[in-house]
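No experiment lies behind these values; they were computed from the predicted model shown. Just so we're on the same page: letters track the sequence lines, and every chain starts at 1.
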There are 2 protein chains.
Amino acid sequence: MDQTICPRFEKAISIMNKRWTTLIIFQLLEGSQRFCEIESSIGVSGRVLSERLKDLEKEGIVKRSVYDETPVRIEYTLTKKGESLKPALDQIQKWAETWVEPSE
Amino acid sequence: MDQTICPRFEKAISIMNKRWTTLIIFQLLEGSQRFCEIESSIGVSGRVLSERLKDLEKEGIVKRSVYDETPVRIEYTLTKKGESLKPALDQIQKWAETWVEPSE
DNA sequence: TATACTTACTTACATAAAGTAAGTTAATTA
DNA sequence: TAATTAACTTACTTTATGTAAGTAAGTATA
């Protein structure tokens, strides 16, 4: 409430802090994926995945592409904005490798 | 559910993904702080702050120090494990400066 | 000396977010 | 024709968070 923190940083955190968001982005850094691929790879429920993908699209982090084949194929891809989160996620991974026990 | 993601990374994300956690760590990167200082600087409720600080202590990211003055003073400080999250947060901030509009 | 205030919480209750499971539409395969 | 898949949505339950009040120990103020 004191607003001592940079508002852009707070905004960034409010995006990344939502459950599943970071994991979704992490998955998409490997390349475009379909709805059910993301769903099964990170274990998020369809209900929330659908919600998050819409949020991320609205934020310009993810792009939804419809390929009009039969059957129709829908793919989710990171935009440039989304891809540029890679260095941040890389740092988190680096931290995890040093400090997180593999046991838990 | 498929467990295609590195478990250490998932653990790291599960810590950072909890609401307020990253902001608490960000605050503590500035130096030790008291309960009510964190509370008012980021706008988290006491109820959740109390919960988060306990979690972070259990994870070895935050240390709680009691200074036996009168009145007693309690301070929360990052451990080495906690401090080494700085590069990750720095990257998020860098991303925010480039990609997040100041308006919202 | 009584009253109000501060810190660091906890407790009880209300609301918001996430999980679960079933349903939908359109097309595909057995 | 029946079952299956993809990409969702809907209804309902459980969990997480917010709000507000309460507590204990001490301090300052009238």
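- Rounded to whole angstrom, the span from the CG atom of A:Leu49 across to the P atom of D:dA6 amounts to 14 Å.
- Rounded to the nearest 0.5 Å, atoms CD (B:Glu75) and CD (B:Glu37) are 7.5 Å apart.
- Distance A:Ile24 CD1 to D:dA7 P: 15 Å, rounded to the nearest Å.
- The shortest heavy-atom contact between A:Trp95 and B:Lys81 is NE1-O, 2.9 Å.
- B:Phe35 places its CZ atom 17 Å from the P atom of D:dA24, with the value rounded to the nearest Å.
- Checked for salt-bridge contact, B:Glu59 and B:Lys11 meet the test: a charged N lies under 4.0 Å from a carboxylate O.
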Sub-3.5 Å pairs of nitrogen or oxygen atoms, protein against nucleotides 13-18 of chain D:
residue, atom, partner, partner atom, Å
D:dT17, OP1, B:Arg52, NH2, 2.9
D:dT17, OP2, B:Arg52, NH2, 2.7
D:dG18, OP1, B:Arg19, NH1, 3.3
D:dG18, OP1, B:Trp20, NE1, 3.3
D:dG18, OP2, B:Trp20, NE1, 3.2
D:dG18, O6, B:Arg47, NE, 3.1

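- Of the side-chain N and O atoms in B:Lys54, none sit less than 4.0 angstrom from OP1 or OP2 of C:dA8.
- In this structure, A:Glu37 places its CD atom 16 Å from C1' of D:dC8, rounding to the nearest Å.
- In this model, the phosphate group of C:dC9 is approached by a side-chain N or O of B:Arg64 to a distance below 4.0 Å at OP1 or OP2.
- Spacing between atom CZ of A:Arg73 and atom C1' of D:dC8 amounts to 18 Å, rounded to whole angstrom units.
- Phosphate proximity of D:dC8 to A:Tyr76: present, with a side-chain N or O under 4.0 Å from OP1 or OP2.
- Taking 4.0 Å as the cut-off between side-chain N and carboxylate O, B:Glu57 and B:Arg52 do not count as a salt-bridged pair.
- Once rounded to the nearest 0.5 Å, the distance linking OG of B:Ser65 with CZ of B:Arg34 reads 12.5 Å.
- B:Ile38 and B:Tyr67 fall into different hydrophobic clusters, where Ile, Leu, Val, Met, Phe, Trp and Tyr side chains are chained together by heavy-atom contacts under 4.5 Å.
- For B:Arg34, no side-chain nitrogen or oxygen approaches OP1 or OP2 of C:dT7 to under 4.0 Å.
- If you measure from atom CG of B:Asp68 to atom C1' of C:dT7, you get 15 Å, rounded to the nearest angstrom.
- To the nearest 0.5 Å, the span separating CD1 on B:Ile24 from CD on B:Gln27 amounts to 9.5 Å.
- Along DNA chain D, the nucleotide nearest to B:Gly46 and the one nearest to A:Leu53 differ in position, and the one closer to the 5' end is contacted by A:Leu53.
- Nearest approach of B:Leu23 to A:Phe9, heavy atoms of both residues: CD1-CE2, 4.0 Å.
- Scored by the ring-ring contact (aromatic ring centres under 6.0 Å, His included) test, B:Phe35 finds no partners at all (sequence neighbours excluded).
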Heavy-atom protein contacts under 4.0 Å, nucleotides 22-30 of chain C, coded B base, S sugar-phosphate only, - none: ------S--

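- When rounded to the nearest whole Å, the span between CD of A:Glu39 and P of C:dG19 equals 12 Å.
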